[in-house]
Colleague: 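One structure, pasted below without further comment.
By convention in this document, chain letters (A, B, ...) are assigned in the order of the sequence lines, proteins followed by strands, and residues within each chain are numbered from 1.
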Amino acid sequence: MKYTIKETDNIQLIKILDLNNLLVDESLTEEVTQHIQQGNTEFIIDLAALEYIVSAGLSLLISILTRARSAGGDVVILNISDKLQRIFLITRLHSTFTVKETLEDAIEHFAKANVR
Amino acid sequence: MITYSKEIIVTNEISSIEYVADQFTAHCQTDSIDPKVIIKVNVVFDELLSNIIKYSYEEEGAHPIYVDFGYDDGRLNIQIRDKGLPFNPFHVTPPDFSVPLEERTIGGLGIYLVKNLMDTYQYERINQENVVTMSKFV
């Protein structure tokens with residue numbers, strides 16, 4: 001599994017580059033857990049590099065979402081292709097995740113949430 | 001009688017998933033199959049092979065998984081066989097989407113995907129083998 005994490009406007013921007021070896025690679029889950037323990041509970045997950053996603057990948061996204069929301073934060077999914085959109089629709093996860101098309105929209109989502 | 005133009009034998013290790021996907025993709029490209037269909041079927045391979053690798057064999061060591069596929073008269077035919085514990089993946093309880101996400105069990109999501117991505121699917125136990133036969137119209 002390959003990914004990058006960088007911080008922007010106090011939000012952790014995760015770019016997932018591939019989801020290979022998810023059966024044995026828990027590095028992203030561990031890193032997200034560390035961030036949440038440090039009080040960083042808002043995540044944007046950019047899926048632009050993914051051609052497809054399997055259930056293990058969906059489970060990873062669900063795991064990050066539930067951890068973030070349990071800590072009072074949230075997750076926004078960014079750059080979801082039509083192919084991935086279909087998988088999200090089939091598994092009815094499209095209504096579970098907040099999905100945005102641009103980074104600016106994703107950041108604005110958190111800005112509005114923090115104002116409320 | 002379904003015939004398959006390609007047979008691959010792999011072992012129950014994670015690297016086999018990528019190998020099967022590569023072989024399938026290369027084979028489909030020679031038949032000019034729609035790349036969207038190839039991606040969907042590769043999701044199906046990932047789900048079913050992951051299950052076999054994780055759960056099918058109790059004894060440690062390398063065990064075979066047989067993967068056959070072929071394109072015939074507008075449909076892709078796929079068969080996956082293993083000699084592990086009897087297991088019908090299509091009897092797995094699907095996820096309960098009415099339950100809040102935090103309370104939902106993750107299991108069953110992969111098989112739910114397989115059922116939605118393929119047009120036909122069936123499981124049989126033949127000669128002490130789990131035999132999963134599927135097709136997709138293209």
Colleague: Measuring only between side-chain heavy atoms, which start at C-beta, is Lys40(B) closer than 4.5 Å to Arg86(A)?
Modeller: yes

Colleague: If you count the non-hydrogen atoms of other residues, nucleotides and ligands that lie under 6.0 Å from NZ in Lys15(A), is the total more than 12?
Modeller: no

Colleague: Check the hydrophobic clustering (I, L, V, M, F, W, Y; side-chain heavy atoms under 4.5 Å; chains of links allowed) and say if Ile5(A) and Leu60(A) are grouped together.
Modeller: yes

Colleague: If Ile, Leu, Val, Met, Phe, Trp and Tyr residues are connected whenever their side-chain heavy atoms lie under 4.5 Å apart, and connections chain through other members, are Val132(B) and Tyr66(B) in the same group?
Modeller: no

Colleague: How many angstroms lie between CD1 in Ile87(A) and CG in Leu113(B), if you round to the nearest 0.5 Å?
Modeller: 5.0 Å

Colleague: Give a yes or no on whether Asp34(B) atom CG has more than 12 heavy-atom contacts from other residues, nucleotides or ligands under 6.0 Å away.
Modeller: yes

Colleague: Find out whether Asn116(B) and Thr91(A) are in side-chain contact, i.e. whether some heavy atom of one side chain is under 4.5 Å from a heavy atom of the other.
Modeller: no

Colleague: Taking it one step at a time, do Val54(A) and Asn42(B) satisfy side-chain contact (heavy atoms from CB on, under 4.5 Å)?
Modeller: CA-CA 9 Å; Val54(A) 297; Asn42(B) 278 333; over 6 Å; no

Colleague: Looking at CD1 of Ile111(B) and OG of Ser55(A), how far apart are the two atoms once the value is rounded to the nearest 0.5 Å?
Modeller: 8.0 Å

Colleague: CD of Glu51(A): more than 12 outside heavy atoms within 6.0 angstrom?
Modeller: no

Colleague: If the contact rule is any heavy atom under 4.5 Å from chain B, which residues of residues 95-103 of chain A qualify, in numerical order?
Modeller: Thr96(A)

Colleague: Counting only heavy atoms closer than 4.5 Å, note whether Ile53(A) contacts chain B via side chain, backbone, both or neither.
Modeller: backbone

Colleague: Among the clusters formed by ILVMFWY side chains lying less than 4.5 Å apart, do Phe90(B) and Tyr55(B) turn up in the same one?
Modeller: no

Colleague: Taking atom CD as the centre, does Glu58(B) end up with more than 12 heavy-atom neighbours from other residues, nucleotides or ligands that are less than 6.0 angstrom away?
Modeller: no

Colleague: Do you reckon Ile33(B) sits in the same ILVMFWY cluster as Val41(B), going by side-chain contacts under 4.5 Å, direct or chained?
Modeller: yes

Colleague: Same cluster or not: are Ile65(B) and Val131(B) linked, directly or through other Ile, Leu, Val, Met, Phe, Trp or Tyr residues, by side-chain heavy atoms under 4.5 angstrom apart?
Modeller: no

Colleague: Does Ile90(A) offer a backbone N or O that forms a donor-acceptor pair with the side chain of Tyr112(B) under 3.5 Å?
Modeller: yes

